[in-house]
Amino acid sequence: MSREVIEKAYDPTGLERRWYSFWERENYFAADHASPKPKFSIVIPPPNVTGSLHMGHALQHTLHDILVRWKRMQGYNVLWLPGTDHASIAVHYVLDKQLEAEGKSRFDLGREQFLSLAWKWKAESGGIILNQMRRLGVSCDWSRERFTMDEGLSNAVKEVFVRLYEEGLIYRGEYIVNWCPRCKTAISDLEVAYRQVLGKLWFIRYPIIGSSQHLVLATTRPETMLGDTAVAVHPEDDRYRNLIGGQVQLPLMDRPIPIIGDSFVDRDFATGIVKITPAHDPHDYEVALRHELPRVTVIDESGRMTPGAGAFAGLDRFECRRRIVDQLASESLLAKTEEYLHNVGHCDRCASAIEPKVSLQWYLKVESLAKPAIAAVESGTVRFVPDSFKNRYFEWMYNIHDWCISRQLWWGHQIPAWFCDACGDVLVQRDKPEACPKCKGCLREETDILDTWFSSALWPFSTLGWPEETPDLKTFYPTDVLITGPDIIFFWVARMIMMGLKYMGDVPFHQVHINGIVRDANRQKMSKTKGNIIEPLQLVEEYGADAVRFTLSSMAVPGTDIPFSTDRMKGYSAFANKVWNAARFVLMNLDGSESHVSAEGIDELLRQKALSLPLEDIWILHRLDEVARGISDSLEKFRFHEASSLIYQFFWHEFCDWYIELIKPVLTTKEDPAGPRAERISILLHAMDYSLRLLHPFMPFITEEIWQKMPHSGRSLMVQEFPSARTIRSNPDAARAMQVLFDLVLAVRSARTEMNLDPRAELDARLTVAEPAMRATVEESLDRVRALARLRSVAIAEALPETSEDVFVLCGIWTQGEFALNLAGAIDVGAQRRRLEKERDSLAAEIEKILRKVNNHEFRSRAPQEVVEENRRRHAELLERMGRLEGLLAQFPGADSGE
RNA sequence: GGGCGCCUAGCUCAGCUGGUAGAGCACUGCGAUCACACCGCAGGGGUCAUAGGUUCGAGUCCUAUGGCGCCCACCA
């Protein structure tokens, strides 16, 4: 059969979807719990069902897929478990917006209707992101896809909740929490984002009862004064200590409140007097507990003033603030106003200002869970990559607070608790109870749901079937590695470690690779408001998934942010084209008689014919071996940028620039199909095959497409073996010899260009080889040198002719000797002299540097022997080179002496 | 206030355990030679933020300073 000639430029359109469905159809993504192979498992950081693929996802999924494809090709039983997170607040936010557009709120619908709307939305839009992931080429096991609100996962959540409650680790209580007045739910400390805001500091006069004096105190939130139940001063503050025990009249409310002493007050801040609003400030809440002060709630769950706010009842909190300031001013109770830069907490999801609020919530006691989780990281059972991220982890874990796990939302896991209003009993159990076991009274079901991160914490084992002891759970837990962003170390990573240790008795993963944040080319965070968002799918459409993947991988230095550059991506899209054209060239020159030879077959060839195989063949096999090892070493350490660079440099600058150039004459010769040509072609095809395997985890689509067009054995590249070290191919001598030849070619090319020779000039070259051992190698390779340096002829001479007596002109030196070209008088003597002098100067500088080292007896006595030897060797080499260079220069009239 | 990280070629960045400063892009010159102009060949460009220190030897380790960034805490 004759090979098809492929398109001149690589076009990923169409072919990516085709290969993706092929892989899926062939079931290559599926893991097998019964496989005898060693397992490698990863659970996906489940994207929100509300999500749409952004650069951060693209990065993470690319890195996952590189690892997963690499391990699969290495013969592991690989599970990459995909799924989505129900993201309760995010879904609420989306649906709230929709309802708002219709002039409604979720409360108009009621819980039941809202939930059916949510499920409907999930069915329609929840899978978008997973399909977007497919476009990137991710090889997840879709048959094991999970959703955090699946029946199985919901059972796991309920089970964990009940067990924790029964153990006394979950409790319910009334505390001050972060309340979002827009989402109308409590949120955890982690969900509060502090932002710097230029606000005001209002200084207000509180009249002292029984005196004509005032106390002046400062506040950023005057509306909360309506709920003040005390003012506080530092007990040792000489200005005010004698007032402690007295009272002030609370302005606007005409209520007397006590003056108390508490050492939390900072005497140096403002006037040193603090108003105490226990119901609306976390610090004041604590103070009130210490001093048994009453709490007066003046702001409700929507952020409006309550009846407790008297005349201000019903106003929005910010409107109330304005009114109060006006009124204070009109009553001469406003002493002054200052601009004040401070941090204000905002809801992570909807950006509303957080309102601290006292309410009844469920909490998880985390201290006993945190201890073993800290130990797991301290002992190295869980390793962070890069290591420095464990500091963040420790910092948070050592100061961990109880976790407020209840939310006043509807979409999520309902807390399995029932209350008896008759006797006040609280039941927490797996199944719904009929009636109160104590008084037979009616039961009221808890309406709160759990924080989304509660179910996420169970993800590594709930997705595998826990609490059932499923084969999947036994086979794939613990997983091998977690790849995620730095922003969810606390939200997710820490909590998974705690829950994994608690319920599986083992960590959920052994390594946590923290990737950077993808920024725009100017290092700015991408955001809708800045309008600098780069859509990964748009890039995929434009440049192909392979180019996008390779770009992300090549920039993924562990722990550092990625300034995504379109220029750079264009470069990698050019790389894809390069790979394509290398294949194109090979295919064009096959006649269809060639067949695939296995790696073992090539090894056998090497064993039998080692001495007669051409140097470049031995060299390319040696390099393939080294590069394969390098890529695996780098991937083992999550050094994706290094692995990418290895395959890129190898393929472009060794395979294409040297190897293909070297075998061009063989390839384009159609003779001798059964002889040495056949052997050489099989080595070429093998090198191509192995290069494609090495590249496949990074660029799965183009490599599959090419591989399928080349002679091959097997159904798909993605299930071929990833190249591993084959010691028989290791041949450092061949590599060194090749390097010497390259150097010669480079020296000749350089001389041609720098002396402004006509590129079409047909030149003959003569050269000397200093090292006798090298002479045979060079001799045998003269044809290669001739072709690569574009010479008409080249020959070795014992000594080069004097410039004056021949048309040959000494042109330069290379590692092994000198060379001359027949320039037939066309030489620019000045130009040649200048370039030789330039080379001499830089050589002299180098010699000088190394000489200082070698002459230093401290260096000789203290540096390791091999370093000293290496420097001596190098010094001798440079001196020899200098000798040759000066010899050349001496023949040029007008050359300076040069020292 | 506490902690972490960064500062290397015009730009964006590599340089892991100290031992001859690298890549991509950009730039300059040459080249339509039959895989690729999304290309080839050759070339220019760096006191590795600054100042000290350790070391035979520092981009790499230590200290300080300056600039930039991130995380945590969140004093009204």
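Side chains are part of it too, since the values below use all heavy atoms of this structure and drop only hydrogens, waters and symmetry mates. What you see is a predicted model, and the numbers here were worked out from it, not measured in a lab. So you know, we letter chains A, B, ... as the sequences are listed, proteins then strands, and number each from 1.
Residue pairs that meet the salt bridge (Lys or Arg N to Asp or Glu O under 4.0 Å) test with at least one member in residues 569-579 of chain A, sequence neighbours left out, do not exist here.
A straight line from CG of A:Leu746 to P of B:rC41 spans 9 Å, rounded to a whole angstrom. Rounded to whole Å, the distance from CD1 on A:Ile702 to C1' on B:rC36 is 12 Å. Straight-line distance from the CG atom of A:Asp657 to the C1' atom of B:rA23: 14 Å, rounded to whole Å. Rounded to an integer number of Å, the gap from A:Leu190 CG to B:rA73 C1' is 13 Å. In this structure, CZ of A:Phe550 is placed 16 Å from P of B:rA23, rounded to the nearest angstrom. What separates CG of A:Asp281 from C1' of B:rC75 is a distance of 10 Å, to the nearest Å. Rounded to whole angstrom, the span from the CD atom of A:Glu869 across to the C1' atom of B:rC56 amounts to 16 Å. For the pair A:Leu217 CG and B:rC75 P, the interatomic distance rounds to 17 Å; values are reported in whole Å.
Not a single donor-acceptor pair under 3.5 Å links the side chain of A:Arg205 to the backbone N or O of A:Val216.
Residue contacts for A:Val557: at a heavy-atom cut-off of 4.0 Å it reaches the sugar-phosphate backbone alone, with no base atom in range.
Using a cutoff of 4.0 Å between basic side-chain nitrogens and carboxylate oxygens, A:Glu395 and A:Arg392 are not scored as salt-bridged. Using a 4.0 Å cut-off between charged side-chain N and carboxylate O, A:Lys336 and A:Glu338 make a salt bridge.
For B:rA35, the OP1/OP2 oxygens have no side-chain nitrogen or oxygen of A:Lys578 closer than 4.0 Å. For A:His641, no side-chain nitrogen or oxygen approaches OP1 or OP2 of B:rG24 to under 4.0 Å. Phosphate contact (OP1/OP2 of B:rC75, side-chain N/O of A:Tyr340, threshold under 4.0 Å): absent. Between A:Lys849 and the phosphate of B:rA21, there is a side-chain N or O to OP1/OP2 separation shorter than 4.0 Å. A sub-4.0 Å separation between OP1 or OP2 of B:rA32 and a side-chain N or O of A:Arg760 is present. Look at A:Arg584 and you won't find any side-chain N or O under 4.0 angstrom from OP1 or OP2 of B:rA35. Applying the 4.0 Å criterion to OP1 and OP2 of B:rA14, one finds that A:Thr560 has a side-chain N or O inside that range. Taking 4.0 angstrom as the limit, A:Arg639 places a side-chain polar atom (N or O) nearer than this to OP1 or OP2 of B:rG15. Proximity of A:Lys8 to the phosphate of B:rC36: a side-chain N or O atom is located under 4.0 Å from OP1 or OP2.
Smallest separation of non-hydrogen atoms from A:Asn871 and A:Lys853: OD1-CD, 3.5 Å.
Under the Watson-Crick and G-U wobble criteria, each requiring two contacts below 3.5 Å, nucleotide B:rU60 is left unpaired. Pair check for B:rC30 finds B:rG40; Watson-Crick or G-U wobble, both atom distances under 3.5 Å. Across all strands shown, B:rC16 remains unpaired; no Watson-Crick or G-U wobble contact has both distances below 3.5 Å. In this entry B:rA76 has no Watson-Crick or G-U wobble partner, no candidate having both defining distances under 3.5 Å. Under the Watson-Crick or G-U wobble criterion, with both distances below 3.5 Å, B:rA49 is paired with B:rU65.
On the C1' atoms, B:rA23 is 29 Å away from B:rG66, given to the nearest whole Å. Comparing the C1' positions of B:rG24 and B:rG19 gives a spacing of 27 Å, expressed to the nearest Å. Spacing of P atoms, B:rA73 relative to B:rU54, comes out at 41 Å, to the nearest Å. Nucleotides B:rC34 and B:rU20 place their C1' atoms 41 Å apart, quoted to the nearest Å. The separation of B:rC39 from B:rA21, taken at their C1' atoms, amounts to 29 Å, rounded to a whole angstrom.
Each of A:Lys664 and A:Ser565 was assigned the nucleotide of RNA chain B with the nearest heavy atom; the assignment lying further toward the 5' end belongs to A:Ser565. Taking the nucleotide of RNA chain B with the nearest heavy atom to each of A:Ser750 and A:Arg790, the more 5' of the two is matched to A:Arg790.
Aromatic ring orientation, A:Tyr648 versus A:Tyr572: perpendicular (interplanar angle above 60°, classes split at 30° and 60°).
Both tests do not hold together for A:Arg321 against A:Trp202: distance to the six-membered ring centre under 6.0 Å, angle to the ring axis within 45°.
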Query raised in the report: Given the rule in the ring-ring contact (aromatic ring centres under 6.0 Å, His included) test, do A:Trp658 and A:Phe742 qualify, once you have shown the distances and angles that lead to the verdict?
Result: CA-CA 9 Å; A:Trp658 292 111; A:Phe742 291 163; 4.0 Å; yes

Pull out every protein N or O sitting under 3.5 Å from an N or O of nucleotides 25-30 of chain B, one pair per line with the distance.
none

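Checking B:rA76, B:rC38, B:rG19 against every side-chain atom of A:Phe859, the shortest atom distance belongs to B:rG19. Taking only side-chain atoms of A:His342, from C-beta outward, the nucleotide of B:rA76, B:rC72, B:rG19 with the closest atom is B:rA76.
Once rounded to the nearest 0.5 Å, the distance linking CG of A:Asn581 with CD1 of A:Ile706 reads 9.0 Å. Within the model, atoms CZ of A:Phe389 and NE2 of A:His513 stand 9.0 Å from one another, a figure rounded to the nearest 0.5 Å.
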